[in-house]
Amino acid sequence: MSEFDSDSIIDDIIRKGQKIADEVEVAYESGKSIHATLKGREIGEAGVSDSWVFCIRIIDGGKIGCSTTNDPTRWEKCLDAAKAGSKFAAGQDWEGLPGPSATNGTPESVFDEKLVLDSSLISGYIEDLLNGASEYSVDVAGGGASASASSYKLANSAGLIYEGSRTRIGVSLETISGTSTGYESDIVCFADRINPYDVGKQAAYLAAHSVGAGEIDTGTYDVVLSPIAASQLIGGIVVPALSGKNVKAGRSYFADKLGEQCLDESFTLRDDPFHGQGSWVRDAEGVPTRVLDLIKDGVVNEFSYDLKTAYRYGEKSTGSAVRSGDSPSIGFHNLYFEGERQDIFDEKVLYVHDVIGAHTANGITGDFSVETSNSTWREGGEDTDAVRAAMLSGNVFEMLKSIAGVSKEPRELGNVIMPSVRFNNLRVVGK
């Protein structure tokens, strides 16, 4: 479907939507993607696809209904479904969708104009992944590569029209050696920023290094969480606690702590919508985005809101609406973790590459118990002896009250920018 056709449909949806509801909003996304997945060292599946979707949201008497379709001939049915859904929704105070307005900054480009989506691009990535994995004696269990280009348009009955484009490239590889496994991946927006060879090599190293891993005695240790492990615990527990929806519902550790020094004074958690892969000048509801210092120097500084939550509780939207599926909800754009950068590997530590089970952590209290994966002793910046999987337990909020340091160089994990983080005296349950 051409952009001209989609524009015409968007106009028709808004025109008819205004006749059956107070307000109507249309989010339209179209794109092309190409991918290949590995089964062992062979490509098991590959494909090229074009996709597009209309998401219609209506607001009528403070009741919100939403519906989605990828069939252009069914947009009227989709609009009717949104209207029907609104009848079952609970009404709330609603002060209107945003119209045209000034924005707060200029986001980084996330669109690679030089990216050509063809089979040679993907086959080249796959070859580089496998060549990198060949640096170690391991088997390849799976993996893949993908690239996409998409465009996004948001329009509503208040006169707002906002659009943007982005490209995305991803590679991953899983390896195995005996009973040890290794997994590595990367996601970027620009082709010149991805290195599949290094991704394959690292995945192979993790599996090879873990062969013959030793036991660890139960006790307290100085631990460094890799960016991957740290993002799973902090992203899965701390970030939801800063959502205005959870705060107002009393489901947040920070619910009554706004303005309080709750965490280490070196710790800052910032959502920057202008720098990173999740850059947008407006959020998924059209509200201008801005930099949010959610935690600043250890102080709970502000919470994030979308329109629905802000209107319900007498707050202002912070431009934090994101869309995954149909209806927008509170999220973040580019999450930056900042702390006191230093050499955190100068003394011997247990380096935890990944954790399993972070989703089972208590999001309100912060208590967690996770299994470590691909752990190793690290001294002087070099890995020494690998450590067999153990359990790491504690409380994330208590941990963040005493951060021993963060690595000088953070890692970009999609739209999360996270350093390695050192904690002293964490409890590890070993043999």
Side-chain angles (χ1 to χ4, degrees), residues 1-31 51-103 150-165 244-245 280-289 305-331 333:
M1 169 168 285
S2 70
E3 285 299 321
F4 175 79
D5 290 330
S6 63
D7 287 349
S8 177
I9 290 175
I10 290 172
D11 290 342
D12 289 342
I13 292 171
I14 292 178
R15 189 179 305 111
K16 185 168 182 178
Q18 288 178 295
K19 296 179 180 178
I20 62 172
D22 296 335
E23 294 184 291
V24 60
E25 170 195 85
V26 186
Y28 169 73
E29 185 167 4
S30 64
S51 64
W52 55 270
V53 62
F54 286 102
C55 179
I56 302 173
R57 189 167 65 146
I58 68 166
I59 301 94
D60 195 38
K63 297 182 176 182
I64 302 172
C66 192
S67 184
T68 300
T69 182
N70 57 9
D71 183 344
T73 67
R74 295 180 61 82
W75 69 263
E76 289 181 281
K77 295 287 186 183
C78 184
L79 181 62
D80 291 342
K83 172 65 176 179
S86 71
K87 295 180 180 178
F88 295 100
Q92 67 162 82
D93 290 338
W94 183 262
E95 299 176 26
L97 292 168
S101 63
T103 53
S150 62
S151 60
Y152 175 82
K153 178 174 286 188
L154 180 71
N156 64 36
S157 53
L160 176 73
I161 299 178
Y162 170 56
E163 54 191 322
S165 300
K245 183 176 181 179
W280 294 103
V281 71
R282 294 183 184 274
D283 73 356
E285 296 177 303
V287 175
T289 55
Y305 292 94
D306 59 5
L307 283 176
K308 181 178 178 180
T309 307
Y311 288 159
R312 173 169 292 175
Y313 295 105
E315 302 284 352
K316 290 186 179 298
S317 171
T318 52
S320 299
V322 298
R323 196 179 293 269
S324 177
D326 50 6
S327 187
S329 59
I330 298 173
H333 305 289

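Counting from 1, the numbers follow the sequence of the chain as shown.
- Distance OG/S30 to CZ/F54: 9.0 Å, rounded to 0.5 Å.
- Remark: side-chain polar atoms of H333 are paired, donor with acceptor, to backbone N or O of G319 under 3.5 angstrom.
- Residues Q92 and Y311 form a side-chain contact, since some pair of their non-hydrogen atoms from C-beta on lies under 4.5 Å apart.
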>> As a quick check of understanding, evaluate side chain to side chain contact (heavy atoms under 4.5 Å, CB included) for D283 and V322, giving each step before the final call.
In response: CA-CA 6 Å; D283 73 356; V322 298; over 6 Å; no
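- Shortest non-hydrogen contact noted between A284 and P328 is CB-CB, 4.2 Å.
- Across I56, V53, I10, a single residue satisfies side-chain contact (heavy atoms from CB on, under 4.5 Å) together with Y28, and that is I10.
- The two residues G62 and W94 make their nearest non-hydrogen contact at CA-CB, 4.1 Å.
- Minimum interatomic distance between Y305 and G244 (heavy atoms only, all atoms of both residues): CE2-CA, 3.5 Å.
- Within the 4.5 Å cutoff, side-chain heavy atoms of L307 are placed close to those of V287.
- Remark: W75 CH2 to S67 OG distance equals 13.0 Å, nearest 0.5 Å.
- For the residue pair D306 / T309, a side-chain donor-acceptor distance below 3.5 Å is found, with atom types taken as modelled.
- Atom CD1 of I161 and atom CG of N156 lie 9.0 Å apart (nearest 0.5 Å).
- Among residues two or more places apart in sequence or in another chain, the salt bridge (charged side-chain N to carboxylate O under 4.0 Å, His left out) test is passed with R323 by E25.
- D71 and T73 are linked by a side-chain donor-acceptor pair at a separation below 3.5 angstrom, with hydrogens and angles left out of the test.
- Closest of all the heavy-atom pairs between S320 and S317 is N-OG, 4.5 Å.
- Within the 4.5 Å cutoff, side-chain heavy atoms of R57 are placed close to those of E285.
- Ion pairing between a basic and an acidic side chain is recognised when a charged N comes within 4.0 Å of a carboxylate O; D60 and K83 show such pairing.
- The salt bridge (charged side-chain N to carboxylate O under 4.0 Å, His left out) search around K63 returns none, not counting sequence neighbours.
- Taken to the nearest 0.5 Å, the OH atom of Y152 stands 8.0 Å off from the OH atom of Y162.
- Sequence neighbours left out, the pairs with a member in residues 13-22 that pass side-chain hydrogen bond (donor to acceptor under 3.5 Å, both in side chains) are D12-R15, K16-E76.
- Here the CG atom belonging to L160 is positioned 7.5 Å from the OG atom belonging to S101, to the nearest 0.5 angstrom.
- Residues I58 and I64 fail the side-chain proximity criterion, which asks for heavy atoms closer than 4.5 Å.
- When all heavy atoms are compared, the tightest approach of G286 to P98 is C-CG, 3.7 Å.
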> Taking it one step at a time, do L154 and R282 satisfy side chain to side chain contact (heavy atoms under 4.5 Å, CB included)?
Replying inline: CA-CA 10 Å; L154 180 71; R282 294 183 184 274; over 6 Å; no
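- Atom SG of C55 and atom CG of N70 lie 12.0 Å apart (nearest 0.5 Å).
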